[in-house]
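What follows is one structure encoded as structure tokens, with my remarks underneath.
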There are 2 protein chains.
Amino acid sequence: MTRTATLEDVAQKAHVSKMTVSRVINHPELVAPELQVVVEDAMRKLNYHPNNAARALAKNQTSVVKFVILEDIDHMDPYYTNILFGMATELKKKNYSLQLLLKGSQIEQGPADGFVITGTRVDDYPMLNALKEPFILFGENRGGYDFVDTDNLGGETMATEYALKQGYRNLVFIGLDVKEAFEFSREAGYVNAMQQNKKIPSVNRVKNSTTAARAFMQEHLSEYPKNTCFICGSDRIATGVIQALVEEEKDIPGDYGVIGFDGILLDKVSSPKITTVKQDLWKIGETLAQLILRKINQNGAPQGEMFIKPTLSKAESTK
Amino acid sequence: MTRTATLEDVAQKAHVSKMTVSRVINHPELVAPELQVVVEDAMRKLNYHPNNAARALAKNQTSVVKFVILEDIDHMDPYYTNILFGMATELKKKNYSLQLLLKGSQIEQGPADGFVITGTRVDDYPMLNALKEPFILFGENRGGYDFVDTDNLGGETMATEYALKQGYRNLVFIGLDVKEAFEFSREAGYVNAMQQNKKIPSVNRVKNSTTAARAFMQEHLSEYPKNTCFICGSDRIATGVIQALVEEEKDIPGDYGVIGFDGILLDKVSSPKITTVKQDLWKIGETLAQLILRKINQNGAPQGEMFIKPTLSKAESTK
DNA sequence: GCTGGCCCTGTTATCGGTAACAAGCAAAAA
DNA sequence: TTTTTGCTTGTTACCGATAACAGGGCCAGC
């Protein structure tokens with residue numbers, strides 16, 4: 001039975017006190033360089049790893065960050081895997097672990113050092129204000145809370161400009177029918193790019209479902225001449241748009257282009273495959289973790305807003 | 001500054017020793033009933049919640065379960081959100097938290113009380129055997145390891161029988177081109193049901209991608225008469241099959257039926273929407289958590305195999 | 001009436017760290 | 001030379017729980 005090495009063991013091997021070893025780990029600047037070397041050597045030889053429970057107890061922390069989804073989970077399903085793993089990877093570096101919560105569960109219940117929260121709406125602000133622990137939101141918001149999100153505006157600008165560059169003359173925006181900051185930003189990205197290029201924007205909104213998007217297209221397709229590109233607020237919508245175009249045997253990408261937003265899975269199973277603004281969910285997760293960890297460390301100091309650049313994933317639905 | 005209540009506080013309020021309070025929590029059968037009442041009352045009044053770090057330290061545990069994905073993450077992306085949240089919900093009841101790991105990372109690194117592992121292949125068995133902590137696999141395996149999985153066999157049997165009941169005369173299986181237990185089970189489910197009904201099975205295998213499935217169909221569609229139902233090994237394949245049928249302007253579900261497997265997201269964005277064998281991922285997650293917790297508790301005692309019943313989600317791709 | 005055992009509760013030591021304070025010692029200041 | 005200062009390291013107490021052992025009360029059996 002091999003016990004894992006403790007501070008004590010390292011201390012003995014290095015002929016110093018436990019405290020010195022602890023300092024080498026947490027405040028190396030307080031330790032003489034030559035001792036540092038000796039101690040680090042001993043740690044390595046004993047394959048020392050700090051006991052997280054002991055540290056947490058002594059520092060009165062929990063080593064736990066809670067990840068909370070406030071919206072209906074079904075909706076965003078595939079999103080989260082990458083965010084979660086990106087976060088977890090970053091958290092583990094500091095020996096933190098995760099607890100996952102859904103809307104229903106009492107957030108306050110059980111302690112944590114910090115929260116990462118997604119799907120917040122304005123009605124959730126009171127709850128946020130009541131939170132004692134530091135938190136970071138995933139998702140743009142106008143409430144002044146620290147957040148991380150995809151650069152929705154820049155992403156949609158990029159999409160719009162790409163469509164233009166590929167030679168489409170008419171650019172139509174089909175966004176989501178929700179009053180959320182991310183949607184406004186995507187619209188703004190499209191509108192800005194259009195104005196920049198002296199074109200008249202056309203903004204439409206539908207429910208975020210393939211069926212709704214398809215229905216919209218069935219109704220309006222006749223209004224759109226050849227050489228139109230549909231800039232869509234999500235891949236779901238883009239999928240519906242493509243289905244409608246295929247149904248009518250339109251030429252994609254020749255006469256009609258389609259660009260989606262998200263790049264999670266749908267873009268790859270569609271036929272033709274969708275050109276889309278791909279979010280870097282992993283990076284978003286990493287960033288969320290870094291911010292909440294830093295915020296915890298800085299005793300709740302504000303961390304500001306952080307936009308993660310998406311990339312344009314070019315596929316078969318555009319020239 | 002309100003400190004959270006500790007055992008000590010509860011003990012004082014209840015006029016007993018810390019130890020008695022601890023016993024009420026962990027071994028109530030050792031405490032006189034009338035004292036239990038008093039202590040529980042005190043706990044409630046002080047809103048006492050045990051300090052997990054302290055407990056973990058004293059019991060020489062970590063309160064952490066690691067969730068490991070050994071395969072390429074892109075592949076199964078949308079799967080995991082529900083499993084993870086199902087697990088987390090169950091784990092939190094015992095104050096456990098999660099760490100998430102991918103293939104690349106050293107599993108051994110950093111301690112945990114147990115593991116839940118997914119995506120294992122035969123080459124991973126040596127690594128599993130070397131693991132000192134208890135673990136449960138997600139996914140059928142023939143290595144004798146404890147696991148939880150969807151009842152793939154039963155699910156595909158159900159799908160096949162449903163197609164028959166709906167009046168399709170020809171049932172064709174299009175499975176995944178992988179040598180994995182789950183795939184063999186789905187095939188077996190189809191084959192069994194066919195034999196049961198005195199029909200000759202037709203098993204085909206393609207790469208698990210819409211494109212591959214579509215290509216397969218383009219090549220073979222002429223071989224299949226009207227009134228054929230395609231029993232597919234995944235929704236991805238079903239999506240490709242549907243695309244090919246739509247392309248050829250076949251009548252779905254009139255002349256051709258399609259049934260998928262998974263029910264994660266693709267079934268709902270396809271047009272027509274896919275009838276599919278829907279896995280209960282949340283339940284799988286819960287079960288994984290329960291088993292690993294019990295296994296930890298029982299010092300690694302084997303927990304056996306656990307199959308979670310899927311449901312048939314009926315949609316537009318079948319009569 | 002005395003002893004042994006059962007049932008219940010308290011005491012003590014310990015888990016593996018960290019903060020706060022004490023102390024040693026050399027260089028700098030008086 | 002003596003005092004002060006600063007840098008470095010060690011000592012002590014404590015974080016909040018649990019395990020193992022100790023002890024007191026009560027009843028049964030001799």
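Every heavy atom of this structure was used, including side-chain atoms; hydrogens, water molecules and symmetry mates were not. First the proteins, then the strands, lettered A, B, ... as listed; each starts at 1.
Side-chain proximity of A/V16 to C/dT9, D/dG10, C/dG17: nearest is D/dG10. With C/dA19, D/dT8, C/dG16 as the candidates, the nucleotide lying closest to the side chain of A/A32 is D/dT8. Listed nucleotides: C/dT11, C/dA20, C/dG17. Nearest to the side chain of A/T6: C/dG17. In this structure, of C/dT18, C/dT9, C/dG16, it is C/dT9 that holds the atom nearest to the side chain of B/L35. The A/M19 side chain lies nearest to C/dA19 when the options are C/dG17, C/dA19, C/dG10. With C/dT9, D/dT18, C/dG17 as the choices, the nucleotide that has an atom nearest any side-chain atom of B/A58 turns out to be D/dT18. Closest to the B/K59 side chain, of the nucleotides D/dT18, D/dT11, C/dT9, is D/dT18.
Residue B/L30 contributes atom CG, which lies 15 Å from atom P of D/dC21 at whole-angstrom precision. Counting to the nearest Å, the C1' atom of D/dT9 and the CD atom of A/E34 are 12 Å from each other. Note: NE2 (A/H15) to C1' (D/dG10) measures 16 Å, nearest angstrom. The nearest whole Å value for the distance from the CG atom in B/L7 to the C1' atom in C/dT11 is 15 Å. B/M43 places its CE atom 11 Å from the P atom of D/dA17, with the value rounded to the nearest Å. Counting to the nearest Å, the P atom of D/dA17 and the CD atom of B/Q61 are 15 Å from each other. Atom-to-atom, CD of B/Q12 to C1' of C/dT9 comes out at 17 Å; the value is rounded to the nearest Å. Rounded to whole Å, atom C1' of C/dG17 lies 13 Å from atom CZ of A/R23.
Across B/Y145, B/F115, B/F67, a single residue satisfies ring-ring contact (aromatic ring centres under 6.0 Å, His included) together with B/F135, and that is B/Y145.
A/N60 comes within 4.0 angstrom of nothing in the nucleic acid, heavy atoms only. Nucleic acid contact for B/N52: none, since no nucleic acid atom lies under 4.0 Å from a heavy atom of the residue.
Classification of A/R121 and A/E71 as a salt-bridged pair fails, no side-chain N sitting under 4.0 Å from a carboxylate O.
Each of A/E29 and A/K18 has a nearest nucleotide on DNA chain D; the 5'-most of these lies closest to A/E29.
Residue A/S22 places at least one side-chain N or O under 4.0 Å from the OP1 or OP2 atom of C/dT18. At D/dA19, one or more side-chain N or O atoms of B/H27 fall inside 4.0 Å of OP1 or OP2 (strictly under the cut-off). The side chain of B/N26 contributes an N or O atom lying less than 4.0 Å from OP1 or OP2 of D/dT18. Considering only side-chain N and O atoms, B/T20 lies nowhere under 4.0 angstrom from the phosphate OP1 or OP2 of C/dC8. Applying the 4.0 Å criterion to OP1 and OP2 of C/dT18, one finds that A/R55 has a side-chain N or O inside that range.
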Check your understanding: Given the rule in the side chain to side chain contact (heavy atoms under 4.5 Å, CB included) test, do B/L91 and B/L293 qualify, once you have shown the distances and angles that lead to the verdict?
Key -> CA-CA 8 Å; B/L91 289 175; B/L293 250 23; 3.7 Å; yes

Practice item. Would you check, one step at a time, whether the test salt bridge (charged side-chain N to carboxylate O under 4.0 Å, His left out) holds for A/K45 with A/D41? Key: CA-CA 6 Å; A/K45 281 193 183 120; A/D41 213 57; 2.8 Å; yes

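Using modelled atom types, one side-chain atom of B/T62 and one backbone atom of B/D113 make a donor-acceptor pair closer than 3.5 Å. Looking only at distances, no side-chain donor or acceptor of A/E140 sits under 3.5 Å from a matching main-chain atom of A/D149.
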